[in-house]
Amino acid sequence: MTENTRPLNFVEKIVKEDLENKVVQSVQTRFPPEPNGYLHIGHAKSICLNFGIAQTFGGHCNLRFDDTNPEKEDIEYVEAIKDDIRWLGYQWSGEVKFTSNYFDQLHAWAVELIENDKAYVDDLDKDAARASRGTLKESGTNSPYRSRSVEENLALFEKMRLGEFDEGHCTLRIKGDMASPNMHLRDPIIYRIRKASHHQTGDKWCIYPSYDFAHGQGDAIEGVTHSICTLEFEEHRPLYNWFIDNLSVPSKPVQYEFSRLEVNYTVTSKRKLKQLVDDGIVDAWNDPRMPTISGMRRRGFTAAAIREFIDKSGVSRNKGVVDVSMLEFAIREDLNNNATRAMCVLRPLKVTLTNYPEDKTEILTTAGHPSREDLGTRELPFSNTLLIDQDDFREEANKQFKRLVIGKRTRLRNAYVIEADEAIKDTDGNIIEVKARIIENTLGNNPEDGIKPKGVIHWVDATDNVDCEVRLYDRLFNDPAPDAGGKDHMQSLNPNSLEILNGCKGEKGLATADNRIRFQFEREGYFVQDSRYSKPDALVYNRVISLRDTWGK
RNA sequence: UGGGUCGUCGCCAAGUGGUAAGGCACCGGGUUUUGAUCUCGGCAUUCGUAGGUUCGAACCCUACCGACCCAGCCA
C-alpha cells in the first residue's frame with residue numbers, strides 16, 4: 001500500500017469529526033441503487049465514497065436496493081449491480097438489503113402518521129394535484145380532502161392496501177405546507193397505488209411508498225449514520241428529517257449531499273445510453289465504448305484504475321465535468337506498471353532480410369516487462385521473413401521520422417538493427433514488401449561502425465505468429481459536452497469510435513495466454529481479449545487505451 | 001426579492017484571517033532497444049465582480065454578476 005497523503009474530502013471530515021466527538025460510535029453507510037438499469041461511472045463515485053468511507057473509518061457499508069417502484073425494476077438489474085460492485089472491489093456488510101424488506105414497517109409508520117393526523121388520503125387525480133401544488137413562485141392550495149377525519153383516513157388507507165381502488169384513484173399524503181417555498185414540503189405523496197407485481201414481494205402489495213417516505217426510514221432501520229447522496233436530493237433533506245423526527249424510528253441518520261461525477265465526451269443519462277443500444281450505435285450496455293461499469297470492464301479497464309480515477313477527481317459540492325484525460329491517465333498508469341509486454345503488428349508489411357539464412361530460425365528471449373521480473377520472459381521466433389507495421393516504413397522521410405527508411409537503419413525491438421534497401425510494389429504502386437539487411441552483431445549491441453539506429457520498431461515473425469482481430473476504440477462523441485444545454489447527443493456521435501482491424505499478427509505467446517490478462521502491445525497501447533467476441537481459435541483484442549503519443553506535437 | 005446550492009490555473013481540487021497544496025492537461029531539458037515509462041524544470045502576485053472591515057482577506061461584511069437544482073402518484 002502506498003501512503004495516501006490526499007487531504008480528506010468534506011464528507012470524510014464530517015465522519016472523522018463525528019467519530020472524534022462521539023456523535024456516532026461507528027460509521028454506517030449504504031449504497032442505495034434502484035434496480036432499474038446498469039451502473040455507470042457516475043455510480044462508481046457513490047460506491048467508492050460510501051464503501052470507501054466505511055473502509056477508511058472501520059465502519060460498515062450496506063448494499064440496499066431502493067425498490068419502491070416495481071414498474072421500473074427488474075431482478076436482472078439486481079444481479080448486474082451486485083456483479084459490478086464486487087468487480088469494483090467492494091463487499092457489502094451482511095446480506096443484501098432491499099427497501100421492500102421494510103414494507104411492513106413502512107406501512108405501520110404510515111398508519112402512525114394518519115393516527116397522529118399528520119397524513120391524509122387524497123382523492124385528487126394527478127392533474128388536479130399538480131394544479132393545487134402551485135408553482136415555484138406561487139403558493140399551492142389545500143386539497144378539499146385534506147380535512148378528512150382520522151377514522152376515515154384510516155379506513156380509506158386500508159382500502160387502498162386491500163386493492164379496492166384503481167391505480168391513480170387516490171394517494172396518501174403528508175399534511176405539509178402548501179405555501180412552502182420548498183416544493184417537496186407541499187403535502188408530499190408518500191403512498192401510491194401500483195397494481196404491479198414486485199420482483200421481491202410479488203403481489204403482496206398494491207400500494208408502494210415513495211422515495212421520500214422510504215429512504216430515510218430505511219437508513220434509520222439499518223442504523224445508517226451518514227446517508228450520502230447526490231446534490232439533487234438536497235431539497236429533500238427537510239422532508240427526510242421531518243420523517244425521522246416525527247416517526248418512532250430506531251436511529252437518526254443524517255443526509256449529506258455531494259456533486260455527482262460527470263466526465264466529458266460522454267453521457268450517463270440512462271435514457272441516452274439506452275438510445276445508443278436501441279439504435280445499434282453500440283452492441284450492448286457493456287459495449288467497450290460505454291461509460292457503464294460493465295462496458296469499462298469489457299473494454300479492459302481495471303477496477304483499481306477506476307478507483308484511483310475517482311479518488312483523484314475528488315468529492316465536493318461544486319458541479320464540474322472531469323476531463324476524460326484523467327481517466328485515461330489512471331488506466332495507463334496501472335497498466336504500465338502491471339501489463340505484460342508483447343508485440344503485435346496491426347497492419348502487416350512483409351520484410352525480407354536478404355542476408356539472413358533462409359532456412360534459419362532462432363528463438364530470441366526477452367522480458368515480459370521492463371521492470372517486473374515476476375512477469376517472466378517471452379520467446380520470439382526470428383527468421384528471414386518478418387512483418388512490421390505499414391506505418392513504420394517509408395521510402396524516404398525527413399529526420400523527424402525515426403523508423404525504417406530506405407538506406408537508413410532502425411532497431412527491431414528485442415532483436416537486431418536492420419537497414420532497408422528496397423521497396424517492392426504491386427502494379428498499383430502499393431508497397432508490398434521491403435528488402436532489408438541485418439547489421440551484424442547488433443543483438444543486444446549497437447552497430448560496430450558507430451552508426452546508431454534512429455528508432456525502434458516492433459515486428460513479428462511472418463510465419464510463426466498468432467492471427468487476431470484488433471478493435472480500436474475512440475470516444476463515442478466528438479463534442480466534449482454531448483448533451484449540454486439540451487443538445488441532442490446523437491448529433492455529435494463520433495463515426496470512428498470503433499475501428500476493426502483483421503489479419504493482425506501477434507507474437508506466438510499470445511495464443512496460450514490467459515484470456516483475461518492485459519497486454520501492452522509495445523508502441524501501440526494496452527489490449528485485452530474481448531469477452532464477447534474473442535474465441536480460443538479466433539482471438540479478438542480490445543484496445544483499452546493507446547499509449548501516450550507526443551510525436552508531432 | 002419564490003426557495004436552495006455553488007463560483008480558486010484549460011479540467012478536477014486543497015486552503016476557512018498570516019500572505020495560493022496536489023493531480024490531469026500543456027510546454028521545455030535529460031535518460032531510454034516502446035516517439036512509452038522514468039526524470040528534471042516551467043505553468044494563478046491571484047481566488048466571479050465591486051466596495052468595506054483589518055497591520056494583514058480566497059477566507060469576515062455588503063452589494064452585484066453568473067451557473068445549477070426544485071412545480072413525478074420517478075429515484
Side-chain angles (χ1 to χ4, degrees), chain A residues 5-9 32-34 36 66-69 71-72 122 124-126 129-131 133-140 167-173 179-184 186 188-194 207-208 210-212 214-215 229 231-238 257 259 261 264 309 311-330 332-333 336-337 341 343 366 370-371 400-403 410-417 442-446 452-458 480 520-525 546-553:
Chain A
T5 53
R6 166 176 72 73
L8 297 182
N9 63 51
E34 180 184 19
N36 68 345
D66 219 345
D67 55 349
T68 57
N69 188 358
E71 290 176 329
K72 294 190 171 183
D122 191 4
L124 248 29
D125 65 24
K126 208 168 189 169
R130 187 191 309 119
R133 190 148 34 228
T135 68
L136 293 176
K137 296 186 179 184
E138 296 167 49
S139 294
E167 277 190 22
H169 182 269
C170 55
T171 58
L172 184 66
R173 292 233 247 174
S180 173
N182 182 338
M183 299 298 289
H184 299 285
R186 320 242 271 221
I189 288 164
I190 62 169
Y191 262 96
R192 73 285 210 197
I193 299 168
R194 281 283 178 285
I207 55 172
Y208 291 91
S210 64
Y211 164 85
D212 286 309
H215 204 92
C229 62
L231 244 25
E232 66 267 27
F233 292 103
E234 186 169 23
E235 291 185 280
H236 294 246
R237 194 178 345 121
E257 310 88 15
S259 178
L261 171 64
N264 60 10
F309 163 65
D311 193 63
K312 286 244 173 75
S313 48
V315 178
S316 76
R317 289 171 65 88
N318 303 340
K319 297 180 194 192
V321 181
V322 176
D323 197 301
V324 69
S325 69
M326 236 189 263
L327 211 208
E328 295 174 344
F329 174 83
R332 283 194 184 109
E333 184 180 46
N336 177 51
N337 291 329
R341 308 287 119 122
M343 291 195 285
T366 193
S371 58
Q400 303 298 315
F401 189 77
K402 306 201 304 185
R403 310 173 190 183
T410 196
R411 161 76 66 182
L412 290 178
R413 175 79 170 152
N414 301 307
Y416 301 89
V417 172
T442 51
L443 196 57
N445 305 307
N446 279 322
K452 290 205 269 186
K454 273 184 164 175
V456 181
I457 64 173
H458 57 102
Q520 181 196 95
F521 289 167
E522 292 184 300
R523 302 210 310 131
E524 293 290 356
S546 66
L547 251 31
R548 185 163 170 266
D549 180 10
T550 54
W551 187 39
K553 284 187 180 174

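A, B, ... follow the sequence lines: proteins, then strands. Residue 1 opens every chain.
- In this structure, CZ of A:Phe329 is placed 11 Å from P of B:C26, rounded to the nearest angstrom.
- Taking 4.0 angstrom as the limit, A:Arg130 places none of its side-chain polar atoms (N or O) nearer than this to OP1 or OP2 of B:A71.
- Under the 4.5 Å side-chain criterion, counting only non-hydrogen atoms from C-beta, A:Lys402 is not in contact with A:Pro453.
- Between A:Arg173 and A:Leu124 the shortest side-chain heavy-atom distance falls below 4.5 Å.
- In this entry B:G51 has B:C61 as its Watson-Crick or G-U wobble partner, both defining distances falling under 3.5 Å.
- The phosphate of B:G2 (OP1 or OP2) has a side-chain N or O of A:Lys137 nearer than 4.0 angstrom.
- Nearest to the side-chain atoms of A:Ser325 among the listed nucleotides B:A75, B:G35, B:A25 stands B:A25.
- The interatomic distance linking A:Arg186 (CZ) with B:G2 (C1') rounds to 8 Å, in whole Å.
- For the pair A:Ile190 CD1 and B:G72 P, the interatomic distance rounds to 18 Å; values are reported in whole Å.
- The side chain of A:Lys319 sits closest to B:C69 out of B:C69, B:A36, B:U33.
- In this structure, B:C43 forms no base pair with any nucleotide, since neither Watson-Crick nor G-U wobble geometry is met with both distances under 3.5 Å.
- Interface remark: the A:Arg341 side chain does form a donor-acceptor pair with the B:U34 base, using a distance-only criterion of under 3.5 Å.
- Checking B:A75, B:G3, B:C74 against every side-chain atom of A:Pro181, the shortest atom distance belongs to B:G3.
- Of all nucleotides listed (B:C69, B:C26, B:C11), B:C11 comes nearest to the side chain of A:Asp323.
- Residue A:Ser313 has its side chain nearest to B:C12 when only B:C73, B:U34, B:C12 are considered.
- For the pair A:Asn182 and B:G4, the criterion of a side-chain N or O lying under 4.0 Å from OP1 or OP2 is not met.
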Evaluation steps, ring-ring contact (aromatic ring centres under 6.0 Å, His included), between A:Phe329 and A:Phe309: CA-CA 8 Å; A:Phe329 174 83; A:Phe309 163 65; over 10 Å; no

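- A sub-4.0 Å separation between OP1 or OP2 of B:A75 and a side-chain N or O of A:Asn36 is absent.
- Contacts of A:Val315 with the nucleic acid, taken as non-hydrogen atoms under 4.0 Å apart, involve only primed sugar atoms and P, OP1 or OP2.
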Every protein N/O lying under 3.5 Å from an N/O of nucleotides 18-21 of chain B:
none

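- Side-chain atoms of A:Phe401 lie closest to B:G35 of the nucleotides B:U8, B:A75, B:G35.
- For B:A36, one of the phosphate oxygens OP1 or OP2 lies less than 4.0 angstrom from a side-chain nitrogen or oxygen of A:Thr550.
- Nucleotide B:A67 is matched to B:U5 when pairs are restricted to Watson-Crick or G-U wobble geometry with both distances under 3.5 angstrom.
- Each of A:Met183 and A:Arg411 was assigned the nucleotide of RNA chain B with the nearest heavy atom; the assignment lying further toward the 5' end belongs to A:Arg411.
- In terms of phosphate contacts, A:Arg133 brings a side-chain nitrogen or oxygen within less than 4.0 Å of OP1 or OP2 of B:G72.
- Here A:Glu235 lies in heavy-atom contact (under 4.0 Å) with a base.
- A salt bridge links A:Glu257 with A:Arg317: the closest approach of a Lys/Arg side-chain nitrogen to an acidic carboxylate oxygen falls below 4.0 angstrom.
- Relative orientation of the A:Phe401 and A:Trp551 rings is tilted, given thresholds of 30° and 60° on the angle between their planes.
- B:G35 and B:G42 have their P atoms separated by 28 Å, with the value rounded to a whole Å.
- Set against B:G35, B:C73, B:G4, the side chain of A:Glu234 has B:G4 as its closest nucleotide.
- Using a 4.0 Å heavy-atom cutoff across all strands shown, A:Asp125 reaches at least one base atom of the nucleic acid.
- For A:Arg317 and B:C69, the shortest distance from a side-chain N or O to OP1 or OP2 is not below 4.0 Å.
- Side chain A:Gln520 to base B:U34: a donor-acceptor pair is found below 3.5 Å.
- In this structure, B:G35 makes no Watson-Crick or G-U wobble pair, since no nucleotide meets both defining distances under 3.5 angstrom.
- For the pair A:Arg403 CZ and B:G35 P, the computed distance is 7 Å after rounding to whole Å.
- Counting atom types as modelled, A:Arg548 pairs no side-chain N or O with a base atom of B:G35 as donor and acceptor under 3.5 Å.
- In this structure B:A13 sits in no base pair that meets the Watson-Crick or G-U test at under 3.5 Å.
- A:Tyr416 comes within 4.0 angstrom of no nucleic acid atom, judged by non-hydrogen atoms across all strands.
- The nearest heavy atom of RNA chain B to A:Ser316 and to A:Asp212 marks one nucleotide each, and the one closer to the 5' end goes with A:Ser316.
- Nucleotides B:G52 and B:C11 are separated by 30 Å at their P atoms, to the nearest Å.
- Residue side chain A:Arg523 does not reach the base of B:U34 through any donor-acceptor N/O pair under 3.5 Å, judged by distance alone.
- Within the 4.0 angstrom heavy-atom criterion, no nucleotide atom of any strand lies near A:Pro33.
- Between B:G23, B:A75, B:C73, one nucleotide has an atom nearer to the side chain of A:Thr171 than all others, and that is B:C73.
- Contact annotation for A:Gly444: base contact, defined as any heavy-atom pair under 4.0 Å involving a base atom.
- With its glycosidic angle more than 90° from 0, B:G10 adopts the anti conformation.
- Under 3.5 Å, the side chain of A:His184 and the base of B:A71 form no donor-acceptor pair of N or O atoms.
- Within the nucleic acid shown, A:Gln400 comes within 4.0 Å of at least one base atom, counting heavy atoms only.
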